[in-house]
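First up is the structure itself, then whatever we jot down about it.
Residue numbering restarts at 1 for every chain, and letters A, B, ... go by the order of the sequence lines.
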2 protein chains.
Amino acid sequence: MNIGDASARSGVSAKMIRYYEQTGLIPLAARTTSGYRNYADSDVHMLRFIARSRDLGFSISEITDLLDLWRNTDRRSADVKALAQARIQDLRHKITHLQDMADTLETLVRSCAGDERPDCPILHNLETEAFPASGRRSNHAGPHANINERITS
Amino acid sequence: MNIGDASARSGVSAKMIRYYEQTGLIPLAARTTSGYRNYADSDVHMLRFIARSRDLGFSISEITDLLDLWRNTDRRSADVKALAQARIQDLRHKITHLQDMADTLETLVRSCAGDERPDCPILHNLETEAFPASGRRSNHAGPHANINERITS
DNA sequence: TATGGGGCTTCCCATGATGGGAAGGTCAAG
DNA sequence: CTTGACCTTCCCATCATGGGAAGCCCCATA
């Protein structure tokens with residue numbers, strides 16, 4: 001089947017299928033004589049595996065590992081489990097961080113009259129609050145150190 | 001003071017100060033005769049406002065609005081409050097989504113023996129689970145529709 | 001058989017916030 | 001006056017994703 005069909009059946013856009021191929025996440029597709037990529041059901045299967053993993057928030061590099069385990073029938077289920085557990089840990093950290101931000105904002109919102117007058121404790125807080133140690137500074141991990149979350153809804 | 005001092009005092013990197021200037025978030029800095037950017041205490045103040053807002057997860061475009069309100073002494077505190085409340089809503093959505101992912105993974109992890117054998121319900125789930133409506137498809141909002149969260153720690 | 005439309009190919013560009021690094025000018029302390 | 005720290009601009013990279021152009025390919029229908 002062509003890339004369009006593989007896309008429709010797997011839920012991965014044609015653009016992304018080519019991208020995954022190009023970056024080595026998936027092997028080079030077979031080609032027809034005229035150059036069209038040609039996919040088998042097993043490829044769709046793999047693409048779905050990827051899609052589902054993305055939906056659960058795994059990064060591309062984590063999916064690389066998952067795919068390796070998936071294909072390796074000599075795998076230890078403990079290795080898969082460890083990957084999932086690391087992912088959960090990561091999610092918990094992010095949740096905590098978002099929760100902290102929400103709580104702070106909640107406190108500020110509660111203290112704001114929210115009327116026609118200009119006085120606003122929210123602005124006052126933003127204006128004067130100190131900026132103690134907070135990830136923004138000395139970010140030695142470079143940009144996008146797999147920190148951001150893909151939240152597509 | 002020079003950009004380095006403004007950076008140290010505000011907690012915003014020099015790179016980002018220039019970027020904010022370039023993108024119009026902050027006004028063009030004053031310059032010395034030799035071309036060095038020159039900052040006053042009030043500028044540092046503004047940069048801190050931005051840093052603090054970023055720490056609370058506001059996007060650049062939201063910060064643009066916050067800065068406008070901050071500078072506008074005729075503002076209605078209700079407008080500020082509305083911005084903060086929208087931000088909280090957004091955070092709650094993201095938290096829910098992350099929580100859902102974590103819960104699903106937790107269930108899978110619990111069902112996996114995690115031993116030397118290859119059988120693994122986690123892989124099995126990734127392999128076979130359907131891909132019903134989930135943001136990945138028909139993403140008409142384009143890439144980065146202000147969906148991702150800045151979590152720097 | 002010719003034509004048209006839709007699907008495929010590659011290639012380049014943009015996103016958003018951030019840092020890296022090069023090439024070259026400036027400044028203050030020694 | 002030299003040296004080293006700091007400043008300037010400019011370009012590049014990230015990561016996953018889509019947009020769009022230019023040019024083939026393939027099938028169905030006239």
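- When distances run from any side-chain atom of B:R18 to the nucleotides D:dA16, C:dC8, D:dT8, the shortest one goes to D:dT8.
- Picking from D:dT17, C:dT18, C:dT9 the nucleotide with the shortest atom distance to the side chain of A:M16 gives D:dT17.
- As rounded to whole Å, 17 Å separates atom P of D:dA16 from atom CD of A:E21.
- Residues passing the ring pair (Phe, Tyr, Trp, His ring centres under 6.0 Å) test with A:F49, sequence neighbours excluded: A:W70.
- The side chain of B:I3 approaches D:dT8 more closely than any other nucleotide in the set C:dT10, C:dG19, D:dT8.
- A:R92 and B:E106 are joined by a salt bridge, as a carboxylate oxygen and a charged side-chain nitrogen come within less than 4.0 angstrom of each other.
- Atom P of nucleotide C:dA17 and atom CD1 of B:I50 are separated by 12 Å, given to the nearest angstrom.
- Rounded to whole Å, the distance from CG on A:L28 to P on C:dT10 is 10 Å.
- Taking atom OH on A:Y39 and atom P on C:dG7, their separation rounds to 16 Å, with Å as the unit.
- Between B:Q22 atom CD and C:dA17 atom C1' there is a gap of 12 Å when expressed in whole angstrom units.
- Put simply, A:R31 has no side-chain N or O that comes within less than 4.0 Å of OP1 or OP2 on D:dC25.
- For the salt bridge (Lys or Arg N to Asp or Glu O under 4.0 Å) with B:D79, the qualifying choice from B:K81, B:R76, B:R75 is B:R76, the only one to do so.
- Checked by atom type, the side-chain pair B:D119/A:S77 shows no donor-acceptor distance below 3.5 Å.
- Distances shorter than 4.0 Å separate some side-chain N or O of A:R54 from OP1 or OP2 on D:dT17.
- For A:Y19, the listed nucleotide lying nearest its side chain is D:dA16; candidates were D:dA16, C:dT9, D:dC11.
- Rounding to the nearest 0.5 angstrom, the gap separating the CZ atom in B:R54 from the CD1 atom in B:I63 is 5.0 Å.
- Ranking D:dC7, C:dG21, C:dT18 by closeness to the B:K15 side chain, first place goes to C:dG21.
- Rounded to whole Å, the distance from CD1 on A:I17 to C1' on C:dG7 is 14 Å.
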Footprint string (nucleotides 24-30 of chain C, 5' to 3'): B base within contact, S backbone only, - free, heavy atoms under 4.0 Å:
-BBS---
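- In this structure, B:Y20 atom OH and C:dG19 atom P are separated by 9 Å, rounded to whole Å.
- We find that CZ of A:F58 is positioned 19 Å from P of D:dC15, with the value rounded to whole Å.
- The residue A:R37 sits close only to the backbone: its heavy atoms come under 4.0 Å of sugar-phosphate atoms, none of a base.
- Atom CD1 of A:I50 is separated from atom CG of A:L25 by 4.5 Å, given to the nearest 0.5 angstrom.
- Salt bridge annotation for A:D90-A:K94: present, with a cationic side-chain nitrogen under 4.0 angstrom from a carboxylate oxygen.
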